[in-house]
Amino acid sequence: KLYLRNTALRATELARSVKGGAKQMITIHHLNMSRSRRLLWLLEELDVPYEFIHYERDAVTRLAPPELMKVHPLGKAPVITDGDVTLAESGAIIEYLVRKYGNGKLVPADPFSKEGLAYLEFMHSAEGSVMLPLLLNLYVGRLGEAGAPLHPRITSEIANQYRYLEGRLGDQPFLCGDQLTAADCQMLFALEGMAMSGGLAAYPKLSAYVTRMQDRPAYKRAIDRGGW
């Protein structure tokens, strides 16, 4: 199932002026139940117009449809097109979008401040550290008894990551301090699945954090327009 939704509702948002007077619109190639949800939320927070093409996973294999191969050789989401730019990987896309369209928003002003260094760490650790044991848990779980010897190590590492995030978050409203940053957009995806399954019950600060982020109007608009 493949269809186009235009999320730029205001007439003034139907095109964006860029260098040279060219007109273009950011297009997100959005796969259901994927990391592309990060990008929808980010752009809603930035109030940057965009459109997206929505792709559905195969109901049996849960893989992306072959149409995505026409956009990027990996055939995965998220991918964006922005004029003559085609870019994959959610973290790289977030960096691109905040640099080009953020005008200083969602990024700490001083990259070497406490907030700036936290931003750098969490932008990378979301995929490099937090998501890895979650994915291992998902795939090893499909092995049944054959995967049983790996479960203690995987669950231990999941707990290790969440304990660390719980401590780093503390009483802050956001991961990097008092202000929302793109690191929150990047990290939330790694927490939502566990929150839905009750896996954050032992981490009350993280659980409350997920609820706060999901209660943001921009997040709600992203889910309303793009789905889960």
Side-chain angles (χ1 to χ4, degrees), residues 7-8 10 12-13 15-20 22 24-28 35-50 52 78-83 85 87-131 161-192 203 205-223 225-226:
T7 64
R10 298 186 295 274
T12 55
E13 294 179 334
R16 185 178 183 92
S17 296
V18 294
K19 291 182 180 180
Q24 67 185 45
M25 175 76 74
I26 301 165
T27 299
I28 300 174
R35 293 163 173 82
S36 52
R37 192 161 70 243
R38 292 166 165 162
L39 310 183
L40 302 182
W41 178 27
L42 177 82
L43 289 171
E44 291 292 342
E45 292 284 358
L46 291 176
D47 196 27
V48 172
Y50 64 94
F52 65 89
V79 175
I80 67 163
T81 50
D82 185 25
V85 172
L87 189 61
E89 292 294 336
S90 57
I93 295 169
I94 286 175
E95 292 280 13
Y96 170 83
L97 292 173
V98 295
R99 290 177 186 178
K100 185 171 182 180
Y101 297 103
N103 295 317
K105 297 178 183 177
L106 301 187
V107 179
D110 181 358
F112 300 107
S113 65
K114 176 183 177 182
E115 295 79 10
L117 293 175
Y119 175 85
L120 180 65
E121 177 183 346
F122 292 132
M123 278 296 297
H124 289 271
S125 68
E127 286 295 326
S129 297
V130 182
M131 280 299 298
Q161 292 296 326
Y162 283 178
R163 280 195 303 268
Y164 175 69
L165 288 173
E166 177 89 350
R168 284 295 302 270
L169 179 64
D171 295 324
Q172 299 178 150
F174 305 102
L175 281 178
C176 301
D178 295 333
Q179 301 295 323
L180 179 78
T181 70
D184 295 293
C185 299
Q186 177 76 337
M187 184 65 76
L188 185 65
F189 181 84
L191 303 175
E192 287 180 310
Y203 310 98
K205 295 183 186 298
L206 283 181
S207 182
Y209 167 78
V210 170
T211 299
R212 286 197 304 275
M213 298 306 100
Q214 292 178 335
D215 282 343
R216 293 183 65 84
Y219 180 91
K220 291 181 177 180
R221 289 196 303 272
I223 297 302
R225 294 175 181 180

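The first residue of the sequence shown is numbered 1, and numbering continues consecutively from there. Keep in mind the model is a prediction, meaning the values are calculated, not measured.
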Query raised in the report: Does Asp215 CG have over 12 foreign heavy atoms under 6.0 Å away?
Result: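 Yes, CG of Asp215 has more than 12 neighbouring heavy atoms, counting only those of other groups under 6.0 Å.
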Requested in this report: Count the heavy atoms belonging to other residues, nucleotides or ligands that lie under 6.0 Å from CD of Glu95, then report whether that count exceeds 12.
Outcome: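 More than 12 within 6.0 Å, yes.
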Closest heavy-atom pair and its distance - [X], [Y]:
{"X": "Pro108", "Y": "Thr181", "result": "CD-CG2, 4.1 Å"}
{"X": "Phe189", "Y": "Arg38", "result": "CB-NE, 3.5 Å"}
{"X": "Lys100", "Y": "Asp82", "result": "NZ-OD2, 3.1 Å"}
{"X": "Trp41", "Y": "Ala218", "result": "CD1-C, 3.9 Å"}
{"X": "Ser36", "Y": "Ile28", "result": "CB-CG2, 4.4 Å"}
{"X": "Ala183", "Y": "Cys176", "result": "CB-SG, 4.1 Å"}

Roughly how far apart are [X] [atom1] and [Y] [atom2], rounded to 0.5 Å?
{"X": "Cys185", "Y": "Phe122", "atom1": "SG", "atom2": "CZ", "result": "14.5 Å"}
{"X": "Leu106", "Y": "Leu46", "atom1": "CG", "atom2": "CG", "result": "4.5 Å"}
{"X": "Gln214", "Y": "Ile223", "atom1": "CD", "atom2": "CD1", "result": "7.5 Å"}
{"X": "Leu165", "Y": "Lys205", "atom1": "CG", "atom2": "NZ", "result": "13.5 Å"}
{"X": "Asp184", "Y": "Arg216", "atom1": "CG", "atom2": "CZ", "result": "8.0 Å"}
{"X": "Arg212", "Y": "Ser207", "atom1": "CZ", "atom2": "OG", "result": "10.0 Å"}

Taking the side chain as C-beta and beyond, is there a heavy-atom pair between [X] and [Y] under 4.5 Å?
{"X": "Leu39", "Y": "Phe52", "answer": "no"}
{"X": "Gln172", "Y": "Tyr209", "answer": "no"}
{"X": "Glu89", "Y": "Arg35", "answer": "no"}
{"X": "Arg168", "Y": "Glu121", "answer": "yes"}

Query raised in the report: With Glu45, which of Val98, Leu180, Leu40 fulfils side chain to side chain contact (heavy atoms under 4.5 Å, CB included)?
Result: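 Exactly one candidate clears the test, Leu180.
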**Report entry** Lys105 and Asp47 ion-paired at < 4.0 Å
**Finding:**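 Looking at Lys105 and Asp47, the cut-off is not met.
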Report task. Check the angle between the aromatic planes of Tyr162 and Tyr203 and answer parallel, tilted or perpendicular using the 30° and 60° thresholds. Result ->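 Plane angle over 60°, so perpendicular.
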Query raised in the report: Would Gln186 and Tyr119 count as a side-chain contact (heavy atoms from CB on, under 4.5 Å) if you check the C-alpha gap in whole Å, the side-chain angles of each, and the deciding distance to 0.1 Å?
Result: CA-CA 10 Å; Gln186 177 76 337; Tyr119 175 85; over 6 Å; no
Query - Residue pair Ile26, Val48: steps toward the side-chain contact (heavy atoms from CB on, under 4.5 Å) verdict - result: CA-CA 9 Å; Ile26 301 165; Val48 172; 3.7 Å; yes
Query raised in the report: With a 3.5 Å cut-off and no angle check, do the side chains of Tyr50 and Glu44 form a donor-acceptor pair?
Result: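 Glu44 and Tyr50 do have a side-chain donor-acceptor pair below 3.5 Å.
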